[in-house]
**Q** 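The following block contains the structure, expressed as structure tokens.
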Number of protein chains: 2
Amino acid sequence: MAAQQRQVTLTEVARAAGVSTATASRAINGSSRRVSEDIAARVKRTAEELGYLPNLSAQTVAKGASPTVAVLLSDIADPYFSAIASGIMAGASEAALMVTMAASERSGARELQMLRTFRSQHPRAIIVAGSRDEENTHSPEVTAALRAYAETGGRVVVISQGPSPFDLVDIQNHDGARKLAHALLDRGGAHFGVVSGRVTLHTNADRINGFRTGLAERGHTLADDAIVEAEFTRDGGYVGMQELLARREDLGAPLDTVFVTSDMMAFGAATAIRDHGLSVGADISLAGFDNVGLTQDVTPAMTSVEIPLHEVGRSAVRMALGSGTEPAHLAVQTHVVLRASTPQR
Amino acid sequence: MAAQQRQVTLTEVARAAGVSTATASRAINGSSRRVSEDIAARVKRTAEELGYLPNLSAQTVAKGASPTVAVLLSDIADPYFSAIASGIMAGASEAALMVTMAASERSGARELQMLRTFRSQHPRAIIVAGSRDEENTHSPEVTAALRAYAETGGRVVVISQGPSPFDLVDIQNHDGARKLAHALLDRGGAHFGVVSGRVTLHTNADRINGFRTGLAERGHTLADDAIVEAEFTRDGGYVGMQELLARREDLGAPLDTVFVTSDMMAFGAATAIRDHGLSVGADISLAGFDNVGLTQDVTPAMTSVEIPLHEVGRSAVRMALGSGTEPAHLAVQTHVVLRASTPQR
DNA sequence: TTGAAAGCGGTACCAG
DNA sequence: CTGGTACCGCTTTCAA
């Protein structure tokens, strides 16, 4: 094994090029570039030859901030978050920023812990995308940590959180669900049901309310007992749909169209419908939300509401870099994608 | 907006607690903990009161290495990678490490660029998970960069790359495909086809060869013209399957079972089969690889080969922390999961 | 334009 | 066990 070689430092480059470290610094990472062409060239060349690589930590400690954006989300394995993460990484790459990422796994304690670690890093911005799954807008502790960070000059961008004291990328869940209701009515839906993740989550509440609003605008109503709450997971969707079907049968109430508040849940729900001996589409129209990639590959293809998740991520980074003194606010529009799971009836 | 407050520093804590920075450092981030109970407690308390947060960059520059693992993958939006990433983040969290992540988007130039950035960070380890999609094991430049990093004391862990001069988490693609062939033969498959991503990719080559080996072990063969190459994406699967179906029909050759070398492609392939007027399962048995979560939610549920991706990620981190001087090597077993897309025939 | 030198926030060796 | 201090690698006044 090769001897533990040390990294080449700026000082070494400077000496090799016969200039001061100050000049070398200006030549290589030049801010107020005031170095003569030839010297700059020479320094860069020697840096290249020696294989010099700037020490980011040293730069950070000297400058006070790291060329980094920190991302907190609840679960990167969830396609919803991985799509956002993908956009964030793209945006960061465009802005020559690094990305530090951590998953809270839906644990508040962990979330707080990661936030502390993030703060220790002095990133340019902290992007929080995990809150769709959290009970509260933010726990007071989290808000406090975020605020403390903001007060030391950091930028906080929150994705999908309704009103926020921080920069906000606001996904139009309410409006999307509202438009979905209209579309489903247009397709002949008459007896609606909803399977939702916990309604204490803003996202779910917004989607349900939007859906209800959309129905109401056309003179339809959504019975309270036609809304089933379950876990915000694929399995939750399965269980929730079972429950909904059972309830409707017990009441002898008709049911032809079900809105499930997320695609992941909807996939589970579709399976539940089949296991119940019914057909998705023919018997029960089924629509999800998020328009995850596979909505078009399941059978029947699933109607959903598209959120431009990748763009959401990129926008978040751009906001993080914005210079506005006021917290910015960006409304991200959603739109309905009709597919075979909600045929004309 | 609150005035730009500065972060509390160790020096301030030390002064407030009436001790030297040396002692404060030992008390708070104690390495060779040799501080009296009471003083340590006092220091910690004042740190708490002042809201002190260590400056990670300063620690890094002083110590020479950052408590970080850097992850390079090709596309976090791909469930394959996001599952690995999830495991990595879990492993990192367990080891109190941060995670820096970047996506190469399958661009060699970008990959090299991100590697440079990673090296600038002095992370404890670099984990490369993107290579399944790269043409070569590694481009010489990438290997050189990795080697240079390793020579400065860094640890490199490669996921799924066949022989490697670095630590390796070796996913048993060949063996998995081989076992899949056996399973499909047991289900009565007789006329096989394969839709694959580019065979210049190790992963695809291994899977095809494994499949062929499995068939051969039972006296079956796989015709060369029964293998179609396409893009390693969902759409590639669609196109590839179209091509395969067309070819077989042109030749008047029978086809009852198709192995697609990834689930993503298989989802596209399933749609192609349907668009061709055939039924997945009844007419054509279809199997994928990776056992992505949704394999069980599509209809019919898709037979696949499971890779314990989350564990792969965690293992990668553990290897990264390993102290062995020799490059370590971990074989990760895969196993067949039979579902409705490959019924008994 | 270039160089000297004072930090940036911590760590760790060396005395005491 | 504690404090003094050199130093980690780089940036940035301040002079020259």
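The chains referred to below are lettered A, B, ... by the order of the sequence lines, with proteins before strands, and numbering in each begins at 1. Please read all numbers here as calculations on a predicted model, not as lab measurements.
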**Q** To the nearest Å, give me how far apart CZ (Arg15(A)) and P (dG3(C)) are.
**A** 14 Å
**Q** Is the phosphate of dG10(C), meaning OP1 or OP2, less than 4.0 Å from a side-chain N or O of Gln59(B)?
**A** no
**Q** Spell out yes or no: do the side chain of Arg26(B) and the base of dG10(C) have one donor N/O and one acceptor N/O closer than 3.5 Å?
**A** no
**Q** Just how far, in rounded Å, is C1' of dC10(D) from CD of Gln7(A)?
**A** 14 Å
**Q** Using heavy atoms to find the nearest nucleotide of DNA chain D for Thr23(B) and Thr23(A) separately, return the residue whose nucleotide is more 5′.
**A** Thr23(B)
**Q** Closer to the 5' end of DNA chain D via nearest nucleotide, is it Val61(B) or Val19(B)?
**A** Val19(B)
**Q** Is a side-chain donor-acceptor pair under 3.5 Å present for Thr68(B) with Arg124(B)?
**A** no
**Q** Within the pair Ser20(A) and dT2(C), is there a side-chain N or O less than 4.0 Å away from OP1 or OP2?
**A** no
**Q** Whole angstroms only, please: what is the CD1-C1' distance between Ile28(B) and dG10(C)?
**A** 11 Å
**Q** Do Ser66(B) and His122(B) have a side chain donor and acceptor closer than 3.5 Å?
**A** no
**Q** By side chain to side chain contact (heavy atoms under 4.5 Å, CB included), which residues pair with Ala103(A), not counting sequence neighbours?
**A** Leu73(A), Glu105(A), Met89(B)
**Q** Can a donor-acceptor pair be found between the side chains of Thr60(A) and Ser57(A) at a distance below 3.5 Å?
**A** no
**Q** Indicate yes or no: at least one non-hydrogen side-chain atom of Glu311(B) is less than 4.5 angstrom from one of Val332(B).
**A** no
**Q** Could you please name the option among dT11(C), dT11(D), dT12(D) that lies closest to any side-chain atom of Ala62(A)?
**A** dT11(D)
**Q** Quickly work out the Asn29(B) CG to dC8(D) P distance and round it to whole Å.
**A** 20 Å
**Q** Can you sort out which residues in residues 36-56 of chain A have a heavy atom within less than 4.0 Å of DNA chain C? Ascending by number, please.
**A** Ser36(A), Ile39(A)
**Q** For Thr60(B), answer base if it contacts any base atom (sugar-phosphate contacts may also be present), sugar-phosphate if it contacts only those atoms, and nothing otherwise; contact means non-hydrogen atoms under 4.0 Å.
**A** nothing
**Q** Would you please confirm or rule out a distance under 4.0 Å between OP1 or OP2 of dG9(C) and any side-chain N or O of Thr9(B)?
**A** no
**Q** Identify all side-chain donor-acceptor contacts of residues 39-48 of chain B below 3.5 Å with residues at least two apart in sequence or on another chain.
**A**
residue  : atom : partner  : partner atom : Å
Arg42(B) : NH1  : Ala17(B) : O            : 2.4
Thr46(B) : OG1  : Arg42(B) : O            : 3.1
Thr46(B) : OG1  : Val43(B) : O            : 2.8

**Q** Grab the NE2-P distance between His122(B) and dG9(D) for me, whole Å please.
**A** 8 Å
**Q** Please report the distance, rounded to the nearest Å, between CG in Leu10(B) and C1' in dT5(D).
**A** 15 Å
**Q** Considering non-hydrogen atoms only, spot the tightest contact between Tyr80(B) and Ile171(B) and give its length.
**A** OH-CD1, 3.5 Å
**Q** What is the distance, to the nearest angstrom, from the NZ atom on Lys63(A) to the P atom on dG9(C)?
**A** 16 Å
